[in-house]
Amino acid sequence: MAYVLRVVEGQASPNQYAIGEGEVLIGRDRGCNVLIDFPGVSRRHASLRVEGDRCFLEDLNSRNRTYVNGSPIADRVVLKPGDRLSICDTIFMLEPEDASCADAAVEHNGGSVVSSLDATSTLKVVQGSPAEARLEAMLRITQALGPTFELRRVLGQMLDGLFDIFPTADRGLVLLREGERLVPRAMKMRRESAENVRYSRTIIEKAMSQRQAILSEDARQDIGIPSESVLSLPIRSVMCAPLLSQNSAALGVIQLDTDDPRRKFSAGDLQILSTVAVQASMSIQFTQLHNEWIKHAKLERELELAKQVQHSFLPLEHPKLQGYRFWSHYQSANEVGGDFYDYLKLPSGSCAVLLGDVAGKGIPAALMMAKVSACCKLALYGNPSDLCKTMSAVNVEVCGAQGGIRFVTLVVCMIDPAAHEITMASAGHMSPMIARNDGTVEEPADVEVRGIPLGISDDFTYNTIRTQLWPGECVMLYSDGLSEAMNPADELYSIDRIRQHLVSYGSRDPAELGESLLTDIRAHVGRSKQFDDMSLVIFGREPE
């Protein structure tokens, strides 16, 4: 018989593996059939082998052990379809190759349902059950569920408590909704059995859709066992109670069944199970919320670390260039962003000033930003006297490794401190603005010089332009996060307003000019949210 090992929680590669002849190794080693890339997993953690109709699991002396249905295994054990195999944070389920565990459910003719109970009202459920049994059920389940927020343990302890409350129960099953599917998440049997816990899809769907706890007297009719097998199996009484959220949304179901035809479940038992389901639903919700909070907190820590790493890519200090002053500002819209700027002093004595903007936001843009920044440095060192070749070399790298990023805009200014000449090149970025001594603002790298963004065509040829910088004049490089900063009326700050600010502001000191521009942009934005990264670099010659 062939089986399929499927990942139901955590990560493994592949997430579904067909088990046939031969040994199947699970572990962290790259040679394993099922790879779990997690430090707590041993290199060769466990193995599976099919012999005849049985599938055997063996722990290979792993450091953190192997679990089946929540219990650690010591020796070679037999896995049955529906069993859950746990290795650290990864959980697998064994299924027949020709059917998933959910497909074990079959249609139900409805003829054996003898009792149902509205499960949407907690008060009605609690008031309808016997006082002693209700108190015992609540105390046992509350005590079992209280100390842990681990879902696997919550569900396992809940079934343990139910088996104490219902000594006639032979099997217990918890199914939880995951997307559009119902997935078995916990299973318990009072005695070892070769037969898997089965359930009626019709009863389950009815319990969830109608928010009803259901008592079925004859499980043979519900599960649809073939007629030739009826005499070989005892009659089963089955209870099924929905697990409901606070707004009565169906989270899943609890099912209990018994083999003893003389001790079938009663309507009172159903009331108690419904009472337990209320407490269990709360614990499951708390556990799910706790797990989501942990994931969110972990993501926040990772994003904060990513932010620190990204800021470490930015220059720690301004260049020391005789007769020049520098000022810069960077503010990402989210924890990490796609803008970047950099300075690079070359052996020739020249100094390159770069500012780029990766299309998009978040971690993908930040990773591309790091790559482009590194490529720029390598290209400038390789072509220190030819800015056109530098831009082309960076463009080829971006075209070859986009990783889902559409394009990158980039502007570069090469400062020759001896001739006080600025060479500019632009890959789809706004031209730097030069604030002249006569009060005018020039944008030399616009239209004719401004090429296409990086990452669009790997054979594009970029152009450059040169201009003289006189004492007291300054150059500003900026990203569109400044020009497109939006106020509550959805009005952009605009490039024209940046230009007007350079014209009207009296000082040409880079720091004073930059701070005044940011103050004006903040006044424009007010309490509106920042939607894009903001980068601003200003450098200029000292006045005579």
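This is a predicted model, so every value here is computed, not measured. No hydrogens, no waters, no symmetry mates; every other heavy atom, side chains included, goes into these values.
- Of the options Asp532, Asp339, Thr409, a side chain to side chain donor-acceptor pair (under 3.5 Å) to Ser479 is made by Asp339 and by none of the others.
- Classified by interplanar angle (parallel below 30°, tilted 30° to 60°, perpendicular above 60°), the ring pair Phe460/Tyr462 is perpendicular.
- Checking side-chain atoms of Asn487 against main-chain N and O of Asp490 turns up a donor-acceptor pair under 3.5 Å.
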Using side chain to side chain contact (heavy atoms under 4.5 Å, CB included), reason through Val24 and Ser47 one step at a time and then give a plain yes or no. CA-CA 5 Å; Val24 175; Ser47 70; over 6 Å; no

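- Checking Ser62 against Asp59 by side-chain atom types alone, a donor-acceptor pair falls below 3.5 Å.
- The distance from the OG atom of Ser535 to the CG atom of Leu482 is 8.0 Å, given to the nearest 0.5 Å.
- Aromatic ring orientation, Tyr341 versus Tyr343: perpendicular (interplanar angle above 60°, classes split at 30° and 60°).
- Side-chain contact annotation: Ser328 with His318, donor-acceptor N/O pair under 3.5 Å present.
- No side-chain donor-acceptor contact under 3.5 Å links Asp357 to the backbone of Leu410.
- Note: Tyr493 and His524 have perpendicular aromatic rings, judged against thresholds of 30 and 60 degrees for the angle between ring planes.
- If you take CG on Leu175 and CG on Leu243, they are separated by 9.5 Å, rounding to the nearest 0.5 Å.
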Take Met430 and Ile495, measure what side chain to side chain contact (heavy atoms under 4.5 Å, CB included) needs, and give me the verdict at the end. CA-CA 9 Å; Met430 296 81 67; Ile495 294 177; 4.1 Å; yes

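- Under the 30°/60° scheme for interplanar angles, the aromatic rings of Tyr478 and His429 are found to stand perpendicular.
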